[in-house]
**Student:** 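Okay, handing you the structure first.
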Amino acid sequence: MASQLTMQEEELRRGQWLEEEDERLSMMVGVFGERRWDALAKTSGLKRSGKSCRLRWLNYLRPNLKHGHITADEERLIIRLQKQFGNKWSKIAKQLPGRTDNEIKNYWRSHLRKKTLIYKQGLLENTLLVDIVSVP
DNA sequence: AAGGGAACCAACCGCTATCTA
DNA sequence: ATAGATAGCGGTTGGTTCCCT
């Protein structure tokens, strides 16, 4: 909300993307492909860094992304893979079609990490962790 | 009812890896 | 071979929303 954005034309924008920025970015990716993000950003007229454009595309605009809630199956898979690989979010994301590394990382931090933390503090029974972690 | 902290999540940062000319 | 450009990764932050008491 706090937007009396009197930005100077040359400066890069930060923060949330506007719908019109998304549309322009999608159009530019159609022309450039998913690469050369700096060049794309510069010629697009968007006041965003190439890095920011890339992130926005990969995590939000890219086709075939699921945006809804993580399902129970997905949650179990995330827990299992995190246990197996550690915080290798990109590697984990490859096993979850339509999900991004960022989304999984966020999910882990906000929903799942506390479960193992609680376990480590000895406040959960072992059997409960087994239930959480090793569902087939 | 309100205000303060927790939770959530998109986006940013620093850094490394990989590519390309 | 190599330097600069580009892509990718994972930790972290900041703004908003959601509980609580």
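Every value quoted in this text rests on a predicted model; they were computed, and no experiment measured them. Below, read A as the first sequence line, B as the second, and so on, with proteins coming before strands; counting in each chain starts at 1.
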**Student:** Rounded to the Å, how far apart are A/Arg54 CZ and C/dT6 P?
**Tutor:** 13 Å
**Student:** Given C/dG11, is OP1 or OP2 found less than 4.0 Å from the side-chain N or O atoms of A/Trp89?
**Tutor:** yes
**Student:** Please enumerate all residues that pass salt bridge (Lys or Arg N to Asp or Glu O under 4.0 Å) together with A/Asp38, with sequence neighbours excluded.
**Tutor:** none
**Student:** A/Trp108 has an atom CH2; how far is it from atom P of B/dA7, in whole Å?
**Tutor:** 16 Å
**Student:** If you restrict it to nitrogen or oxygen atoms, what contacts under 3.5 Å exist between nucleotides 18-21 of chain B and the protein, and what is each distance?
**Tutor:**
none

**Student:** Other residues, nucleotides and ligands only: do more than 12 of their heavy atoms fall within 6.0 Å of CD on A/Gln84?
**Tutor:** yes
**Student:** Roughly how far, to the nearest 0.5 Å, is OG1 of A/Thr100 from NZ of A/Lys105?
**Tutor:** 9.0 Å
**Student:** Could I get a table of every N or O pair under 3.5 Å where one atom is in the protein and the other is in nucleotides 9-13 of chain B?
**Tutor:**
from	atom 1	to	atom 2	distance (Å)
B/dA10	N7	A/Asn106	ND2	2.9
B/dA10	N6	A/Asn106	OD1	3.3
B/dA11	OP1	A/Trp17	N	3.2
B/dA11	OP1	A/Arg56	NH1	3.0
B/dA11	OP2	A/Arg56	NH1	2.5
B/dA11	N7	A/Asn102	OD1	3.2
B/dA11	N6	A/Asn102	ND2	3.1
B/dC12	OP1	A/Gly15	N	3.2
B/dC12	OP2	A/Ser52	OG	3.0
B/dC12	O3'	A/Arg14	NH2	2.6
B/dC13	OP1	A/Arg14	NH1	3.1
B/dC13	OP1	A/Arg14	NH2	3.0

**Student:** Do any of residues 28-44 of chain A sit with a heavy atom less than 4.0 Å from DNA chain B, and if so which?
**Tutor:** none
**Student:** With sequence neighbours excluded, what pairs up with A/Glu74 under the salt bridge (Lys or Arg N to Asp or Glu O under 4.0 Å) test?
**Tutor:** A/Lys66, A/Arg99
**Student:** Scan A/Arg13, A/Lys47, A/Arg14, A/Arg56 and name whichever one has a salt bridge (Lys or Arg N to Asp or Glu O under 4.0 Å) with A/Glu21.
**Tutor:** A/Arg13
**Student:** Just to verify, what does A/Tyr60 make a ring-ring contact (aromatic ring centres under 6.0 Å, His included) with, not counting sequence neighbours?
**Tutor:** A/His67
**Student:** For A/Leu58, check side-chain contact (heavy atoms from CB on, under 4.5 Å) against everything at least two apart and list the hits.
**Tutor:** A/Glu34, A/Arg54, A/Arg62
**Student:** Partners of A/Asn64 by side-chain contact (heavy atoms from CB on, under 4.5 Å), sequence neighbours excluded?
**Tutor:** none
**Student:** Using C1' atoms of five pairs at each end, report the bend of the helix from B/dA2-C/dT21 to B/dA21-C/dT2 rounded to 10 degrees.
**Tutor:** 10°
**Student:** Which pairs count as ring pair (Phe, Tyr, Trp, His ring centres under 6.0 Å) when at least one residue sits in residues 12-35 of chain A, sequence neighbours excluded?
**Tutor:** none
**Student:** Quick one: list whatever passes side-chain contact (heavy atoms from CB on, under 4.5 Å) with A/Lys88, sequence neighbours left out.
**Tutor:** A/Phe85, A/Lys91
**Student:** Would you please say whether a donor-acceptor pair under 3.5 Å links the side chains of A/Glu103 and A/Asn59?
**Tutor:** no
**Student:** Determine the minimum heavy-atom distance between A/Ser49 and A/Ala41, stating which atoms define it.
**Tutor:** C-CB, 3.9 Å
**Student:** Between C/dG8 atom P and A/Leu58 atom CG, what is the distance in whole Å?
**Tutor:** 7 Å
**Student:** Who pairs with A/Ala93 by side-chain contact (heavy atoms from CB on, under 4.5 Å), at least two apart in sequence or on another chain?
**Tutor:** A/Asp101, A/Ile104
